[in-house]
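Report on the following structure.
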Amino acid sequence: LEQAAKRGAAVMRARSTLKAMTRLAGHQRKLFTRPVVGITGSTGKTLVKDFTAAVLARKGRVTASKGSYNNEIGVPLTILDVDAKTRYMVLEMGSRGRGHIESLCSFAKPDVGVITNIGWTHLQFFRTRDNLARAKSELLQGLPQQGRAVINADDEYADFLTSMSSAPVVTYGCSREADVRAEDIGIDDEGKAAFTLITKGGDRTKVAVPLPGRHNVENALAA
C-alpha cells in the first residue's frame, strides 16, 4: 500500500481477487454492445478462435483470447482487454467439469456459441462423453434467443446439442445436410487443404487453408 501511495496508484482491496476480477469483467461486458462469440469443444477450439478472429478482423478490430486463455482467469482478462475501438470479441471457453462454462457465460454473455466437437479428451473430469456433451452444451443454453448457435453437423452429438440450444442453429461440416459445408477437398504436398465452401443459399467460394492438416477444413468451416 505504501508503494502504491508513493506512485499515486489506486488500490482496491478484495477478499477474493478472482471474484473481483470476474465482477470487473462482467461490468466491462455490460458496457460492450457489439457481438461476442464464445467457442468451446473437445478439440480445435483454439484454432477456431484464431480463424474466427482473423475472419472478423477484416470487418473491424477484434479482441480475442490470447493463446488458450479459456478458464476463469483467462476469460475475464480477455474481456478486460476490450477498448472503445473493439468491434468484435472472441472468447475461448474451456471446462473441467459441469457448471464451468455456465459460470463463464454468466458474465461473458456470448451472442454466438460455437461447439467444435464432442471428443474423448478430459474424460478424467467427466467420466463419459454424455457428461462432456452436457457440460459443453452450457454454452448453448447461455445464448440469448436472438443469438446464434454454431454446431458441427458431422459430430455424433449434433442432434443433442441442437436440442439444447436456446437460439437458432447454424450447422457446418462435410455432410450435405450442413448449412455451411465443404466439397472438393484436396490436400497438397505440404498437407494443406483446399476446398469449395458452399452455403445454404448456394453461394460457392474457393478456400485455401494456410495450415497443414485435414482437420483444419472443419476449423475453417466453423469460422
Other residues, nucleotides, ligands: >12 heavy atoms within 6.0 Å of Tyr69 OH: no
Is the count of non-hydrogen atoms from other residues, nucleotides or ligands lying under 6.0 Å from Asp184 atom CG greater than 12? yes
Interatomic distance, OG1@Thr116 vs CG@Asn219, rounded to 0.5 Å, equals 7.5 Å
Atom OG in Ser165, atom CD1 in Ile151: separation rounded to 0.5 Å? 6.0 Å
Between [X] and [Y], is any pair of side-chain heavy atoms under 4.5 Å apart?
{"X": "Tyr157", "Y": "Leu132", "answer": "no"}
{"X": "Leu211", "Y": "Leu47", "answer": "yes"}
{"X": "Met89", "Y": "Arg34", "answer": "no"}
{"X": "Arg96", "Y": "Asn71", "answer": "yes"}

Could you check whether any side-chain N or O of [X] sits under 3.5 Å from a backbone N or O of [Y], counting only pairs where one atom can act as donor and the other as acceptor?
{"X": "Ser95", "Y": "His100", "result": "no"}
{"X": "Arg29", "Y": "Ala108", "result": "yes"}
{"X": "Asp111", "Y": "Val36", "result": "yes"}
{"X": "Glu218", "Y": "Asn152", "result": "no"}

Can a salt bridge be assigned to the pair Asp130 and Arg98 using a cut-off of 4.0 Å between side-chain N and carboxylate O? no
What do the steps show when you test Glu92 against Thr46 for side-chain hydrogen bond (donor to acceptor under 3.5 Å, both in side chains), and what is the final call? CA-CA 7 Å; Glu92 181 180 333; Thr46 299; 2.9 Å; yes
Checking side-chain hydrogen bond (donor to acceptor under 3.5 Å, both in side chains) for the pair Thr86/Asp83: CA distance, chi angles, key distance, verdict? CA-CA 6 Å; Thr86 300; Asp83 60 29; 3.2 Å; yes
